[in-house]
Amino acid sequence: RHLPYFCRGEVVKGFGRGSSQLGVPTANFSEQVVESFPSDIPTGIYYGWASVGNGDVHKMVLSIGWNPFYKNIKKSVETHIINTFKEDFYGEILSIAIVGYIRSEKNFNSLETLISAIQEDIEEAKRQLDLPEHLKLKDNFFHLPE
Ligand code: ADP
Ligand code: MG
């Protein structure tokens, strides 16, 4: 109902869980950006488009979930961009278009099942975003003013 949803904000430090434990870095938005999200947007895994600063637009998968750091009373919004970057981009402006929903949040029995679910989410995101109706959003939306 809220989709597509556009959002832009600074990339901040999370807990470093993404890269170290899962091999999938997730760029975290600040608390202010997260609080600007519609409060009734369902938690779960989404796909869409993302760009860092004035960089190229890439496919992404996004998690909207409960943030354990705040005893699960605040949400976290984390974007994994499907691209290999040479360097971290903390402090840069991340622009995203959330295009579609993949699945709800789940608990996993093991790290292995979690990691394979994430890999499936990434494959699903790639497939969905190749559809013409989703590709057209890529061109329209991300251009920061010069
Ligand atoms: P944190 O807990 O600080 O978010 P992560 O392990 O999740 O740490 O790593 C996220 C950081 O990795 C991002 O803020 C960004 O600077 C960097 N990064 C590098 N490549 C990517 C990528 N493909 N997608 C998202 N973040 C990336
Ligand atoms: Mg992260």
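Quick caveat, the model's predicted, so the values are computed rather than measured. Atoms within a ligand are numbered from 1 in the order they appear, just like the ligands themselves.
A donor-acceptor pair under 3.5 Å links the side-chain atoms of Lys59 to the main chain of Lys126, judged by distance alone. Under a 3.5 Å cut-off, the side chain of Trp66 and the backbone N or O of Thr43 do not form any donor-acceptor pair. Using modelled atom types, one side-chain atom of His80 and one backbone atom of Pro25 make a donor-acceptor pair closer than 3.5 Å.
Contact analysis puts Thr79 in contact with ligand 1, with a non-hydrogen atom separation below 4.0 angstrom.
Summarising the contacts of atom 18 (N) of ligand 1 with Tyr90, Phe89, Phe85, the nearest heavy atom is found in Phe89. Between the choices Pro25, Gly14, Ala27, the shortest heavy-atom distance to atom 12 (O) of ligand 1 belongs to Pro25.
Listed by atom number, the atoms of ligand 1 under 4.0 Å from Val11 heavy atoms are 14 (O). Heavy-atom proximity to Asn83, at under 4.0 Å, picks out these atoms of ligand 1: 23 (N). Of all atoms in ligand 1, numbered sequentially from 1 with element shown, those under 4.0 Å from a heavy atom of Lys13 are 3 (O).
By the 6.0 Å and 45° rule, Lys13 stacks over the aromatic ring of Tyr90.
Note: Tyr101 and Tyr47 fail the aromatic proximity criterion, with ring centroids not under 6.0 Å apart.
In summary, Lys74 and Glu35 engage in a salt bridge, as defined by a charged side-chain N under 4.0 Å from a carboxylate O.
Of the angles at the Mg ion (ligand 2), the one spanning OG1 of Thr26 and OD1 of Asn28 is 110° when given to 10°.
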